[in-house]
Amino acid sequence: MNKIEHIGIAVKNLENSNELFSKLFGEPHYKIEEVESEGVNTSFFKVGENKIELLEATNEDSPIAKFINKKGEGIHHIAFDVTDIEAEIKRLKNEGFKVLNETPKRGADNKLVAFLHPKSSNGVLIELCQEIKG
Ligand code: ZN
């Protein structure tokens with residue numbers, strides 16, 4: 001893994017949270033994107049070299065809606081940048097991690113993504129992401 005790509009935070013209301021985090025960082029978000037397959041609206045902030053992703057559910061079946069119902073708002077996942085996501089999925093499976101997406105899917109921010117089940121990583125939902133080139 002190369003570096004932390006971003007940290008994902010589950011929020012109830014993206015508009016309110018965009019305002020709140022803009023105040024916190026002193027800069028507005030640089031993009032908003034809906035990921036229909038995941039049932040989420042996302043926004044991204046840059047903080048120096050780091051990125052923060054806010055996620056709001058767009059329907060009740062969204063993983064974000066379920067997360068908030070169970071745990072409330074807060075840190076939802078940590079995403080790591082990888083060079084070859086398929087190789088990394090294979091490697092982590094061999095190491096005994098439970099991979100939620102055997103085949104990487106298209107995520108927000110022009111990335112191929114796959115998730116590891118939090119049960120296999122001390123309660124932390126891990127996202128792998130590989131930048132889609134071109
Ligand atoms: Zn993410």
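Order of appearance sets the numbers: ligands from 1, and atoms from 1 within every ligand.
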- [ ] Measure from the Zn ion (ligand 1) to each N, O or S atom of Asp109 and report whether any distance is below 2.8 Å.
- [x] no

Open item on the list: For Lys93, is the NZ atom crowded, meaning more than 12 foreign heavy atoms sit under 6.0 Å from it?
Closed with: no

Open item on the list: I'd like to know if the Zn ion (ligand 1) has an N/O/S atom from His6 within less than 2.8 Å of it, counting both backbone and side-chain atoms.
Closed with: yes

TODO: Step through the shown structure and confirm whether more than 12 heavy atoms of other residues, nucleotides or ligands are within 6.0 Å of CD on Glu15.
DONE: no

Open item on the list: Within rounding of 10°, what is the angle whose vertex is the Zn ion (ligand 1) and whose arms end at NE2 of His77 and OE1 of Glu53?
Closed with: 90°

TODO: Answer yes or no: are there more than 12 heavy-atom neighbours, outside Glu19 itself, under 6.0 Å from its atom CD?
DONE: no

Open item on the list: Can you give me the closest heavy-atom contact between Asp61 and Lys66, atom names plus distance?
Closed with: O-NZ, 3.5 Å

TODO: State the atom name: nearest N, O or S atom of Glu127 to the Zn ion (ligand 1).
DONE: OE1

